[in-house]
Amino acid sequence: MKLASWNVNSLTVRLSQVLRWLENERPDLLALQETKLEDARFPAAEFAAAGYHAVYSGQKTYNGVALLARTPPQQVLRELPGLEDPQRRFLAADIDGLRVVNLYVVNGQSVDSDKYAYKLRWLAAVRAFLETELARHLQLVVLGDFNIAPDDRDVHDPEVWRDQILCSAPERAALQGLLDLGLEDSFRALHDESGQYSWWDYRQGGFRRDLGLRIDLILSSRALHARLRAAAIDRIPRTWERPSDHTPVLLELA
DNA sequence: ATGGTAGAACATCTA
């Protein structure tokens, strides 16, 4: 079983790229973030024609998440329990015997911003939700744009990024809090090396100079550990014309 | 210290 996550930074702009990538990779599941469109405008028919069921939770201009799967998602949840939040960042569903949670974690802007406090509050609600979810579902996958680089191996210049947004100690502690529930970063379960990034800033030639961060993650529950086969980051879509600033990350389960 | 680019409500916000 092949799972993937991709922050597309506007599905309207990136639809043809997503369809092309699905055709090439044929994942069983693709989680999208930053679709930036209302549900009434979601291109469900195009994905159906490509052989994918879609569930989605979107809004105009910002945020928006979706799950595309070859089998129909069931038990769909569109609201993060315990948090009043108009921002569409959360989607959970049963897919192929897995409980799947797609997250577009709050960016936070900077550590002295109100948005940073919102990020930490949001992550606390995610932790509380996942704690109850893990009690119900042994086979759980949490994937998406976490907007947190787990450790310095995931940062092109750790000194420049030290204590900055996406790398600060409280953010990393919040991510560790999720892992402590009984989840693991599947990429790190299979790879030790630094320099494997999933996001590069559009500005100042970030991709050309490989000034990236690994902030797109696929977490898997302990019960899935023996099924982990391969984890990868596909940099190719970041080389395409008019790319998203993120590239897809993948996990293969036996 | 600022701004650099991209996408969206096309004016500023968010990232």
Side-chain angles (χ1 to χ4, degrees), chain A residues 5-21 31-43 46 56-66 80 83-91 102-123 126 143-150 154-168 170-172 174-175 197-217 233 235-249:
Chain A
S5 177
W6 191 4
N7 177 324
V8 292
N9 187 19
S10 169
L11 185 55
T12 304
V13 172
R14 238 64 69 186
L15 177 59
S16 62
Q17 295 186 23
V18 175
L19 290 169
R20 175 180 172 186
W21 193 81
L32 301 177
Q33 303 86 34
E34 283 205 273
T35 54
K36 297 187 176 179
L37 43 79
E38 293 173 292
D39 290 348
R41 293 185 52 227
F42 192 88
E46 284 86 344
Y56 36 90
S57 178
Q59 66 185 93
K60 200 183 282 190
T61 310
Y62 299 121
N63 310 310
V65 286
L80 175 55
L83 193 76
E84 187 76 33
D85 188 8
Q87 301 193 13
R88 304 289 82 189
R89 300 177 170 278
F90 173 90
L91 191 55
N102 179 13
L103 302 180
Y104 173 45
V105 174
V106 177
N107 174 288
Q109 202 160 69
S110 66
V111 295
D112 56 4
S113 162
D114 290 347
K115 297 186 185 73
Y116 183 76
Y118 166 49
K119 181 176 197 171
L120 296 179
R121 270 203 318 280
W122 198 87
L123 286 164
V126 167
L143 75 176
D145 176 0
F146 283 72
N147 270 318
I148 301 170
D154 304 310
V155 181
H156 67 89
D157 189 337
E159 290 315 312
V160 163
W161 281 87
R162 179 124 4 249
D163 300 326
Q164 301 297 306
I165 196 68
L166 314 183
C167 296
S168 72
E171 291 168 82
R172 286 176 167 174
L175 175 60
Y197 309 130
S198 66
W199 169 82
W200 300 260
D201 201 304
Y202 284 125
R203 295 168 286 192
Q204 299 180 313
F207 183 66
R208 178 176 53 76
R209 299 158 67 201
D210 200 22
L211 307 179
L213 301 179
R214 190 175 68 90
I215 57 178
D216 298 273
L217 310 176
I233 302 175
R235 296 166 62 105
I236 301 299
R238 192 63 175 78
T239 70
W240 291 346
E241 187 104 12
R242 208 177 176 195
S244 169
D245 46 350
H246 297 250
T247 211
V249 298

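Naming: A, B, ... by sequence-line order, numbering from 1 per chain.
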Take the protein atom [atom1] of [X] and the nucleotide atom [atom2] of [N], then report the distance between them rounded to whole Å.
X	N	atom1	atom2	result
D145(A)	dG7(B)	CG	P	16 Å
E34(A)	dC13(B)	CD	C1'	13 Å
Y62(A)	dT12(B)	OH	P	12 Å
Q87(A)	dC13(B)	CD	P	15 Å
D245(A)	dA15(B)	CG	P	12 Å
L166(A)	dA15(B)	CG	C1'	9 Å
N147(A)	dA15(B)	CG	C1'	8 Å
N107(A)	dG7(B)	CG	C1'	14 Å

Without hydrogens or angle criteria, can the side chains of R89(A) and N63(A) be said to hold a donor-acceptor pair below 3.5 Å?
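There is such a pair between these side chains.
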Do the ring planes of W199(A) and H246(A) sit parallel (below 30°), tilted (30 to 60°) or perpendicular (above 60°)?
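Answer is tilted, since the angle falls between 30° and 60°.
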(request) Rounded to whole angstrom, note down the C1' distance from dA1(B) over to dA6(B). (result)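 dA1(B) and dA6(B) have their C1' atoms separated by 23 Å.
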Rounded to whole angstrom, note down the P distance from dA11(B) over to dT2(B).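 One P to the other, the span is 26 Å.
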Residues of residues 6-14 of chain A with a heavy atom under 4.0 Å from any atom of DNA chain B, listed by number, are N9(A), S10(A), T12(A), V13(A), R14(A)
Measure from NZ or CZ of R14(A) to the centre of the six-membered ring of W6(A), then state whether that distance is under 6.0 Å and the direction lies within 45° of the axis. no
Handout entry: Ionic contact status for R121(A) with D85(A), cut-off 4.0 Å
Key = no
Subject >> Smallest separation among heavy atoms of P243(A) and P237(A), with atom names >> reply: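 Minimum heavy-atom contact is CB-O, 3.6 Å.
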### Message
If I compare all heavy atoms of V249(A) with all of D216(A), which pair ends up nearest, and what's the gap?
### Response
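So the two residues come closest at CG1-O, 3.7 Å.
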Looking only at the side chain of Q204(A) (C-beta and beyond, no hydrogens), which of the listed nucleotides dT5(B), dG3(B), dG7(B) gets closest?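 For Q204(A), the side-chain atoms sit closest to dG3(B).
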Give a yes or no on whether the backbone of D245(A) and the side-chain of N9(A) come within a donor-acceptor separation of less than 3.5 Å. no
Closest-nucleotide 5' rank along DNA chain B - winner of R41(A) and K115(A):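 Comparing both residues, the 5'-ward one is R41(A).
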Ranking Q109(A) and R203(A) by the position along DNA chain B of their nearest nucleotide, the one closer to 5' is R203(A)
R89(A) near the nucleic acid: base, sugar-phosphate alone, or nothing, with a heavy-atom cut-off under 4.0 Å? sugar-phosphate
| said: For a quick check of understanding: with a heavy-atom distance under 4.0 Å over all strands, which category does F207(A) fall into, base, sugar-phosphate or nothing? | reply: nothing
Within the pair K60(A) and dA8(B), is there a side-chain N or O less than 4.0 Å away from OP1 or OP2? no
